[in-house]
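Data first, discussion second: the structure below is written as structure tokens.
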Amino acid sequence: MIVAKNLTKRYGKITALNDVSFAIAAGESVALWGANGAGKTTTLRCLLGIQGFEGEMTVNGIDVRRNGKAARAAVGYVPQEAAFYDMTVMETLYFYAALKKTARQRIHDVLEQVQLTAHSGKRVNMLSGGMKQRLALAVALLADPPILVLDEPTANLDVQAQRDFIQTVRVFNEAGKTIVFSSHRLDEVIALGSRVLVLEDGRLALECHPFELAERRGLRRWLRIWVSPQQREITLKVLDEQGFTYLPNGRSFYVQVNSGGKIAPLRSLEMANIPVEDFDLVDGELAPPGESHD
Amino acid sequence: MIDLSNLRAIAGKELRDALRNRWFVVFTLAFAGLALALSALIQPGGTQMRMMSYSRTAASLVNLVLLFVPLIGLTLGAANLAGDRETGALVYLLSQPVNRMEVLIGKYLGVAGALLATLSLGFGGAGVVLALQGSIQDAGGYLLTVLLAYLLALAMLSLGFWVSAAAHKTAAALGGALFLWLFLVFIGDLGIMGTTAAMQIPIGTVFLIAVLNPLQMFKIAAILTIQASLEVLGPAGLYATDRFGGLLLPLLLAGAVILFARQEKFILKGNAR
């Protein structure tokens, strides 16, 4: 369905993509994983045919360089933060429906699918970040394309909105749509992806199953646990005794966990009768994300 | 291949955006108000008096166009693509099943529609006032002046789009547009005068350099529609009248269209995919 051969993109002296090749079959959900500047967005823009490159890229057998418009007709695109014009939700959908040659009835269908019907009269700049992303998804779905391309679609959303968005996209994947998405988040890749392409400095460094990603890339998962200040000392003692690697962070602790043992620190605290106020799972390459995640 | 329904959708959106633009509305009201005020200044009196007064009013309208139209055309064009590029709206639009040619032409047509509507309002209002006063002796000449103003507006808008396509930031595009406006309206004239005086350039060359500026082309053609002679422009005007005679106006119109077409071609170069 999507084939990239020897994809290379240079910005002056900087090589953003270097000889990247991959193939994505119909119905797959493939994640592009990599740090900022690894080439994820560039790859997706090449796929859309909106920037020049060396090599080959075909979507549904269509060469995106020769006939980008036809290739884009088979793709629904959701950027990290869609820049909409100053219109209402309904006007926005009418505008993009006209470009996609979509019947007006379809607009009401997609509004319902992304649960924005109640907000159709609102101006886009009055919507929350999560609603804007759902509007971008609605625009992407207007022509009912076989492929959805999502460029870090949840990067600016809160945790609940992230989960809702990923769940919505997963439903479309289960219904047969091919998904290509970029992400920084391991939990998102595991929740949505069936395969991961790891980009590093513009090169395809690894191709694996999402469950293998953490181990093969040396990623660390951290369970962030909040306990009351009165329980702090005893928590430190229990974590030490059980041999966990951890870092205190204000009222919480980052405890390193592996894929099969995420619940282990919680069980240890429960056995010691230490009430846990809240917890969250976060990813980090070498160290816990720290204060920036507060 | 251009899809007309895409052009219509993009042009319609741009037209609505322009009409919602506060600065554009202010410009429209100012232009229409000044055009009406100038037409209302026709002095009462006999036919001879009204005709002389009409010539002065028409010349004032030409000067109004020379100042206002390039400014709004250049700035509207300059802000368009660069603004959308800066917010990310352009990339998002290009990620849809459209090609660059459709986006560019659609945007141009939409803004051009708004600009021509403004000129029509100003000239239309002024024309009605002049007609009610019985001052217009040559309706064809007046319409030709309006047509010339349209051509000037389209040329300036395309220059603005050219600046916008080249700039990465809206502020840089607007700065470039304002510099171009200053150059075309003021510095260009002074530069030609200074160079002519310093280098003793032949009068034919001076004329040729002058008409490369769309504003000069508009000015000369507009003066020709008001009066038969270009003696008010000095030696260059006399040279043009003597050299080209009655062919001068058609030549200037053809030149304006060719310059406009070349600008469009330059902006669109390599953009159809």
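Keep in mind that the numbers below use all heavy atoms, side chains included, and drop hydrogens, waters and symmetry copies. What you see is a predicted model; the values in this text were computed from it and never measured. In what follows, every chain begins at residue 1, and chains take the letters A, B, ... in the order their sequences are listed.
Proximity to chain A is absent for every atom of B/Arg8, based on heavy atoms less than 4.5 angstrom apart. Heavy-atom distances place the side chain of A/Tyr85, and not its backbone, under 4.5 Å from chain B. Residue A/Glu81 does not touch chain B at all, counting heavy-atom pairs closer than 4.5 Å. Heavy atoms of A/Leu99 lying under 4.5 Å from chain B belong to its backbone as well as its side chain. Neither the backbone nor the side chain of A/Tyr94 comes within less than 4.5 Å of any heavy atom in chain B. Contacts between A/Ala136 and chain B at a heavy-atom distance below 4.5 Å involve backbone atoms as well as side-chain atoms.
Each of B/Ser95, B/Gly88, B/Gly12, B/Ser5 has some count of heavy-atom pairs under 4.5 Å with chain A, and the biggest count is that of B/Ser95. Taking chain B as the reference chain and counting heavy-atom pairs below 4.5 Å, the highest number among A/Ala71, A/Ala98, A/Ala83 is found for A/Ala83. Between chain B and the residues A/Ala74, A/Ala73, A/Gly76, the largest count of heavy-atom pairs under 4.5 Å involves A/Ala73.
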Are A/Lys40 and A/Leu44 close enough, and set up right, to give a side chain to side chain contact (heavy atoms under 4.5 Å, CB included), and what steps lead you there?
-> CA-CA 6 Å; A/Lys40 303 186 296 294; A/Leu44 297 181; 5.7 Å; no
Would B/Arg16 and A/Glu91 satisfy salt bridge (charged side-chain N to carboxylate O under 4.0 Å, His left out), going step by step from the backbone distance to the final call?
-> CA-CA 11 Å; B/Arg16 284 191 296 276; A/Glu91 287 169 344; over 6 Å; no
Side chain to side chain donor-acceptor pair (under 3.5 Å) between B/Asn80 and B/Ser164: does it pass, once the steps are laid out?
-> CA-CA 7 Å; B/Asn80 194 290; B/Ser164 200; over 6 Å; no
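Listed for the A/Asp201 side chain is no donor-acceptor partner under 3.5 Å among the backbone atoms of A/Ala38.
Checking each of A/Gln80, A/Gln133, A/Gln162, A/Glu188 against A/Thr154 for a side chain to side chain donor-acceptor pair (under 3.5 Å) leaves exactly one that passes, namely A/Glu188.
Within a 6.0 Å radius of NZ in A/Lys5, other residues, nucleotides and ligands contribute 12 heavy atoms or fewer.
B/Phe31 and B/Phe68 have tilted rings, their planes meeting at an angle from 30° to 60° on a 0 to 90° scale.
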